[in-house]
Amino acid sequence: QNNPNIWFSTSPIKISRDSVAPLAENDIIHLKGAQNEHISFQIVINPEQITTFSFNTNDLVNGESLLEKSNITVNKVDYVYASEGLVISDDLGYYPDPLSDISSSLTLAPGQNQPFWIGISIPSIEPGTYRGTLDLTLNGNIIQIPLEVEVYGFALEGTSFNVDARVNKPYLNDYGDARDQDIILDDVYKNLVQHGSTIFYPQDPVFTIQPEDGRTLVDFSSMDLNIDYALTLGFKKFEMYRELGYVDGYRGTWFGYPYTSIQFLNSFSDYLSQLSYYLENKDVEAYLIFWDEPRLEHYPDVSSLATLIR
């Protein structure tokens with residue numbers, strides 16, 4: 001919008017309370033999506049004075065076809081305080097994360113960003129571009145923001161999405177909850193399952209490796225208890241995150257053994273065979289991650305290790 005106090009952003013962007021509005025201007029919000037797809041974006045308001053605010057959605061129109069406003073949701077983006085840096089030691093303060101419902105008008109504080117998360121569920125409707133407005137009311141003044149949704153001529157059918165529930169435990173107490181971390185973590189996992197998370201990352205098994213030849217015995221007992229706990233919460237799948245580690249910034253070692261060594265080959269093979277036996281008897285579905293974000297020059301090695309895993 002041609003208004004420095006109202007701007008919009010794609011959904012993956014974390015918008016802090018003092019993020020600067022983009023320089024690029026556009027009078028229309030234009031989105032694209034398939035039928036049965038959920039798409040989203042953010043609208044940010046930074047008022048100059050204390051402002052009462054409300055939000056209204058409208059049907060989007062494409063000829064005689066409608067994308068009804070019941071498919072459009074609006075949530076207020078809230079902030080949580082991090083008392084320790086998430087990335088660097090100085091990276092402290094309030095972070096956007098929770099989404100809260102809007103049941104009535106709000107009062108917005110001046111001089112800081114307030115993002116709103118707009119979600120659009122595209123039903124099975126005629127393809128084409130659907131047009132309408134989002135109506136913002138600020139201190140009684142209505143501002144209409146043009147919105148276009150281009151619906152593709154195909155639908156997402158039978159598609160499932162797996163959500164990984166991996167929690168960074170050191171930050172669990174950063175948000176004002178003084179309870180024991182295990183109790184907090186239990187609530188976090190339950191909340192994740194309620195919101196569609198399907199994949200659980202259990203604790204690693206215990207490895208005993210013979211240094212001379214790499215022959216390996218894997219103890220799954222602690223991991224087994226962790227998986228049983230996850231099953232009671234409702235998780236369906238598991239992520240076996242045992243990847244090659246780093247040495248001097250270079251990925252390519254396994255407990256200190258280069259992946260070109262006989263120790264690696266024996267140890268990794270022993271692990272795979274014992275893991276396969278464990279998962280088959282446990283009757284659970286799992287994913288093995290062994291090389292995260294490889295660079296292009298690593299792909300021949302990734303391919304050869306994938307062949308070993310198969």
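Note: hydrogens, waters and symmetry copies are ignored here, and every other heavy atom, side chains too, is used. In this chain, numbering begins with 1 at the start of the sequence shown. Note that this is a predicted model, so its numbers are computed, not measured.
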Set of salt bridge (Lys or Arg N to Asp or Glu O under 4.0 Å) partners for Lys14, sequence neighbours left out:
Asp97

Contacts of Thr137 that satisfy side chain to side chain donor-acceptor pair (under 3.5 Å) - sequence neighbours left out
none

Is there a side-chain contact between Ser9 and Trp7 in this structure, where contact means two heavy atoms from C-beta onward sitting under 4.5 Å apart?
yes

For Thr73, enumerate each residue passing the side chain to side chain donor-acceptor pair (under 3.5 Å) test, keeping only those at least two apart in sequence or located in another chain.
none

ring-ring contact (aromatic ring centres under 6.0 Å, His included) contacts in which one or both residues fall within residues 17-65, not counting sequence neighbours:
Phe53-Phe55, Phe53-Phe116

Identify, with sequence neighbours excluded, every residue that meets salt bridge (Lys or Arg N to Asp or Glu O under 4.0 Å) alongside Glu68.
none

Identify, with sequence neighbours excluded, every residue that meets side chain to side chain donor-acceptor pair (under 3.5 Å) alongside Tyr229.
Asp186

Side-chain cluster (under 4.5 Å, hydrophobic types only) that Trp117 belongs to, other residues:
Val77, Leu99

Which residues pass the side chain to side chain donor-acceptor pair (under 3.5 Å) test with Thr129, sequence neighbours left out?
none

Mind checking what makes ring pair (Phe, Tyr, Trp, His ring centres under 6.0 Å) contact with Tyr277, not counting sequence neighbours?
none

Which pairs, with at least one residue in residues 54-67 and sequence neighbours excluded, count as a side-chain hydrogen bond (donor to acceptor under 3.5 Å, both in side chains)?
Asn58-Thr133, Asn58-Asp135, Ser65-Tyr130

Taking only residues two or more places apart in sequence, or in another chain, which ones meet Tyr79 in a ring pair (Phe, Tyr, Trp, His ring centres under 6.0 Å)?
none

Please identify each residue that fulfils salt bridge (Lys or Arg N to Asp or Glu O under 4.0 Å) with Asp213, with sequence neighbours left out.
none

